[in-house]
Chemist: 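Have a look at this one before I ask anything.
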Amino acid sequence: MQSSQSKQWDIFCKVIDNHGDLGVCWRLARQLAALGERVRLWVDDATALGWMAPSGHDGVQVIDWLDPSALRAAVAQPAPDVLIEGFGCDPAPELVARFAERPGIAWINLEYLSAEPYVERLHGLPSPVFKGPGAGLTKRFFYPGFTSATGGLLREPDLMERRSRFDRASWLSARQIPWRQDERLVSLFCYEPPALAGLLARLAESRQPTRLLVTAGRAAQAVQALQGSAPLLHGRGALSISYLPYLTQPDFDHLLWACDLNFVRGEDSLVRALWAGAPLIWQIYPQDDDAHHEKLNAWLDWLGAPPSLRLFHHAWNGFGDTALPEAEMHGPWLETARDARARLLAQDDLITQLRKFVTQKS
């Protein structure tokens, strides 16, 4: 419920990977609205919200950034109290000019997630604007992160309560996903990892049956391409494959909660896999200069990854020519995942920190 103390938040998102950029910004908008804030989400391509959040959310207005009439209407309205620039996406100059007219404003540059040391150094620092319609204003860097010296991670207040009540057998049955209780469940949300063929072969040759739950989009296309070129993986051995439709954000969380091992990619799904508390493998977004190698290793250091988990991550992300080792769904990998979640739960979540940050800086 909105109150007289609520603020108007304008969140800007340019879609590069609509599962990640838009996924983060939608979760941010939804959680702010649930706390009584007024939110406008400006996005240049809202297509994925059709399956990610088909029912929308009370208190969140989605606006097409590229629609001239929507831009004119927004400029005619009072300026927002808070402008969130998602991942340095440069909001429309007309809106920045309107924003600049309001005293006591807060302009936040919400940055990408990383465990690298620079995040703690730069979190909260000012970035004066010297030219353009926002000249004279000051942006503030807000870095999500894994330590108490960063902005934290998105987490709904009731998330762990809902996690504890989750019944995976009921969820799988309701979605007509076949499952025998002797089967391990593994989710796959990925790009096109170099070691995918090796993973499928290992699961097919395992002594314990595994059902692989493959998400729609690039993951499904990658697996189907391998099945076409390697028919021995289809319907043989210990591996069964179920292809999923596009899932809403709540159901994506449920998928991660249901599985014994989660393969995730990018940023939003990494955070959701950490909250799931099951072993996880992260495919980091590749960069041409291999800067993602350092980023992945920094996260593995924070995680306290045992050698087998670190080796698996390197092979999965194509570091060198190391063969993919056996995946572990219990023991050290599970202990590592649960320890990481416990450490994160002891810290304030991103929304709590962001609202406090805005109040202090505006």
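Note that these values count all heavy atoms, side chains included, but never hydrogens, waters or copies made by symmetry. All figures in this text were calculated on a predicted structure; none of them were measured in a lab.
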Chemist: Is there a continuous path of hydrophobic side-chain contacts, each under 4.5 Å between heavy atoms, that joins L153 to F141?
Modeler: no
Chemist: As a quick check of understanding, evaluate side chain to side chain donor-acceptor pair (under 3.5 Å) for W302 and T147, giving each step before the final call.
Modeler: CA-CA 9 Å; W302 169 83; T147 72; over 6 Å; no
Chemist: Are there more than 12 heavy atoms of other residues, nucleotides or ligands under 6.0 Å from atom CG of D321?
Modeler: no
Chemist: Any chance you could lay out the side chain to side chain contact (heavy atoms under 4.5 Å, CB included) test for D253 and F166, step after step, and finish with the verdict?
Modeler: CA-CA 10 Å; D253 290 347; F166 178 70; over 6 Å; no
Chemist: Below 4.0 angstrom, N of the basic side chain to O of the carboxylate: do E116 and K295 qualify?
Modeler: no
Chemist: Side chain of Q249, backbone of A53: donor and acceptor closer than 3.5 Å?
Modeler: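 Side chain of Q249 to backbone of A53: no pair is present.
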Chemist: Rounded at 0.5 Å granularity, tell me how far CH2 in W275 sits from CG in L154.
Modeler: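 So the CH2 of W275 and the CG of L154 are separated by 9.5 Å.
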Chemist: Measuring from L280:CG to H313:NE2, what's the distance to the nearest 0.5 Å?
Modeler: 5.5 Å
Chemist: Under a single-linkage definition using a 4.5 Å side-chain heavy-atom cutoff for Ile, Leu, Val, Met, Phe, Trp and Tyr, are Y191 and I16 assigned to the same hydrophobic cluster?
Modeler: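 The answer is no; the residues belong to distinct hydrophobic clusters.
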Chemist: Do F319 and H293 have side chains that approach each other closer than 4.5 Å (heavy atoms only, starting at C-beta)?
Modeler: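 The answer is yes; the side chains approach within 4.5 Å.
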Chemist: More than 12 heavy atoms of other residues, nucleotides or ligands under 6.0 Å from CG of D58: yes or no?
Modeler: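 Atom CG in D58 is not packed in, count stays at 12 or less.
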Chemist: Using only atom types and a distance under 3.5 Å, with no angle test, would you say the side chain of T359 pairs donor to acceptor with the backbone of R355?
Modeler: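 It does hold such a pair.
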Chemist: Looking at A276, is its backbone amide N or carbonyl O close enough to the side chain of R163 to form a donor-acceptor pair, meaning the two atoms are under 3.5 Å apart?
Modeler: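 Side chain of R163 to backbone of A276: a pair is present.
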Chemist: Side-chain contact test, heavy atoms from C-beta onward, threshold under 4.5 Å: evaluate it for C89 versus F12 and give yes or no.
Modeler: yes
Chemist: Where is the tightest heavy-atom contact between L113 and E267, given as atom of each residue plus distance?
Modeler: N-OE1, 3.1 Å
Chemist: Looking only at heavy atoms, what is the nearest atom pair of R310 and D301, with distance?
Modeler: NH2-OD1, 2.7 Å
Chemist: Looking just at side-chain N and O atoms, do W282 and N317 make a donor-acceptor pair shorter than 3.5 Å?
Modeler: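 Absent: no donor and acceptor within the cut-off.
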Chemist: Under the criterion side chain to side chain contact (heavy atoms under 4.5 Å, CB included), I'd like the reasoning laid out for Q353 against F142: C-alpha separation, chi angles, the key distance, then a yes or no.
Modeler: CA-CA 10 Å; Q353 294 198 54; F142 193 93; 4.1 Å; yes
Chemist: Roughly how far, to the nearest 0.5 Å, is the CG atom of L244 from the CG atom of D251?
Modeler: 10.0 Å
Chemist: Between I241 and Q227, does a side chain to side chain contact (heavy atoms under 4.5 Å, CB included) hold up when you go through it step by step?
Modeler: CA-CA 10 Å; I241 299 176; Q227 285 188 305; 3.4 Å; yes
Chemist: When hydrophobic residues are tied together by side-chain contacts of less than 4.5 Å, even through go-betweens, does F146 share a cluster with Y143?
Modeler: no
Chemist: Could you tell me the separation between the CE atom of M329 and the CG atom of N262, rounded to the nearest 0.5 Å?
Modeler: 10.0 Å
Chemist: Shortest non-hydrogen contact from N297 to H314?
Modeler: OD1-NE2, 2.7 Å
Chemist: Within the structure provided, determine whether C25 and V43 are in side-chain contact (heavy-atom separation under 4.5 Å).
Modeler: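 Result no, sub-4.5 Å side-chain heavy-atom pair not found.
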Chemist: Find out whether D21 and V15 are in side-chain contact, i.e. whether some heavy atom of one side chain is under 4.5 Å from a heavy atom of the other.
Modeler: no
Chemist: Quick one: are Y285 and R265 in side-chain contact, heavy atoms under 4.5 Å?
Modeler: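 When only atoms from C-beta onward are counted, R265 and Y285 do not touch, as no gap falls below 4.5 Å.
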Chemist: Determine yes or no for a side-chain-to-main-chain donor-acceptor pair under 3.5 angstrom, with E161 supplying the side chain and D158 the backbone.
Modeler: no
Chemist: Under a 3.5 Å distance rule, please check whether E37 uses its side chain to pair with a backbone N or O of K7 as donor and acceptor.
Modeler: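 Judged by distance alone, yes, a pair lies under 3.5 Å.
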Chemist: If every non-hydrogen atom of C13 is compared with every non-hydrogen atom of L41, which pair is closest and at what distance?
Modeler: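 Closest heavy-atom pair between C13 and L41: CB-CD1, 4.5 Å.
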Chemist: Taking all atoms of both residues into account, what is the closest heavy-atom pair of V264 and L270, and its distance?
Modeler: CG2-CA, 3.9 Å
Chemist: Can a cation-pi geometry be assigned to R162 and W257, taking NZ or CZ under 6.0 Å from the six-membered ring centre and within 45° of the ring axis?
Modeler: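 Ring-cation test returns no.
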Chemist: If you round to the nearest 0.5 Å, how far is NZ of K14 from CG of D45?
Modeler: 13.0 Å
Chemist: Between R140 and A106 (side chain of the first, backbone of the second, donor and acceptor by atom type, cut-off under 3.5 Å), is there such a pair?
Modeler: no
Chemist: Would you call D260 and R168 a salt bridge, using N to O less than 4.0 angstrom?
Modeler: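 A salt bridge is present here (some side-chain N lies under 4.0 Å from a carboxylate O).
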Chemist: Using the side chain to side chain contact (heavy atoms under 4.5 Å, CB included) criterion, which residues pair with Q176? Sequence neighbours excluded.
Modeler: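 Listed in chain order: nothing, the list is empty.
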Chemist: Do R184 and S206 have a side chain donor and acceptor closer than 3.5 Å?
Modeler: yes
Chemist: Within the distance-only criterion (no hydrogens, no angle test), does the side chain of W26 pair as donor or acceptor with the backbone N or O of R30 below 3.5 angstrom?
Modeler: no
Chemist: To the nearest 0.5 Å, what is the distance between CG (L188) and CG (L200)?
Modeler: 7.5 Å
Chemist: Within the 4.5 Å heavy-atom criterion, are V129 and W107 side-chain neighbours or not?
Modeler: yes
Chemist: Any donor and acceptor pair, going by atom type alone, linking the side chain of R40 with main-chain N or O of Q8 inside 3.5 Å?
Modeler: no
Chemist: Closer than 4.0 angstrom, basic N to acidic O: yes or no for R202 and E328?
Modeler: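 Here R202 does not pair with E328 in a salt bridge, since their nearest N and O are not under 4.0 Å apart.
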Chemist: How close do P133 and P93 get, heavy atom to heavy atom, and via which atoms?
Modeler: CG-O, 3.5 Å
Chemist: Using the rule that Ile, Leu, Val, Met, Phe, Trp and Tyr join whenever any side-chain heavy atoms are under 4.5 Å apart, tell me whether V186 and Y243 fall into a single cluster.
Modeler: yes
Chemist: Should I84 and L125 be regarded as members of a common hydrophobic cluster, given that ILVMFWY residues are connected when their side-chain heavy atoms come within less than 4.5 Å of each other, either directly or indirectly?
Modeler: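 The answer is no; the residues belong to distinct hydrophobic clusters.
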Chemist: Between the side chains of R98 and E94, is the shortest nitrogen-to-carboxylate-oxygen separation below 4.0 Å, so that they form an ion pair?
Modeler: no
Chemist: Measure up the F189 and F252 rings against each other and bin them: parallel (under 30°), tilted (30 to 60°), perpendicular (over 60°).
Modeler: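 If you compare the ring of F189 with that of F252, the planes turn out perpendicular.
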Chemist: Mind checking whether I281 and L309 have side chains closer than 4.5 Å, heavy atoms only?
Modeler: yes
Chemist: Surrounding CZ of F87 (heavy atoms of other residues, nucleotides or ligands, distance under 6.0 Å), is the total greater than 12?
Modeler: yes
Chemist: Do the side chain of D268 and the main chain of G20 share a donor and acceptor less than 3.5 angstrom apart?
Modeler: no
Chemist: Could you please spell out the steps behind the side chain to side chain contact (heavy atoms under 4.5 Å, CB included) verdict for N109 and S127?
Modeler: CA-CA 9 Å; N109 192 349; S127 176; over 6 Å; no
Chemist: Any side-chain heavy-atom pair from H254 and T248 closer than 4.5 angstrom?
Modeler: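 The answer is no, as the side chains (C-beta and beyond) never meet within the 4.5 Å cut-off.
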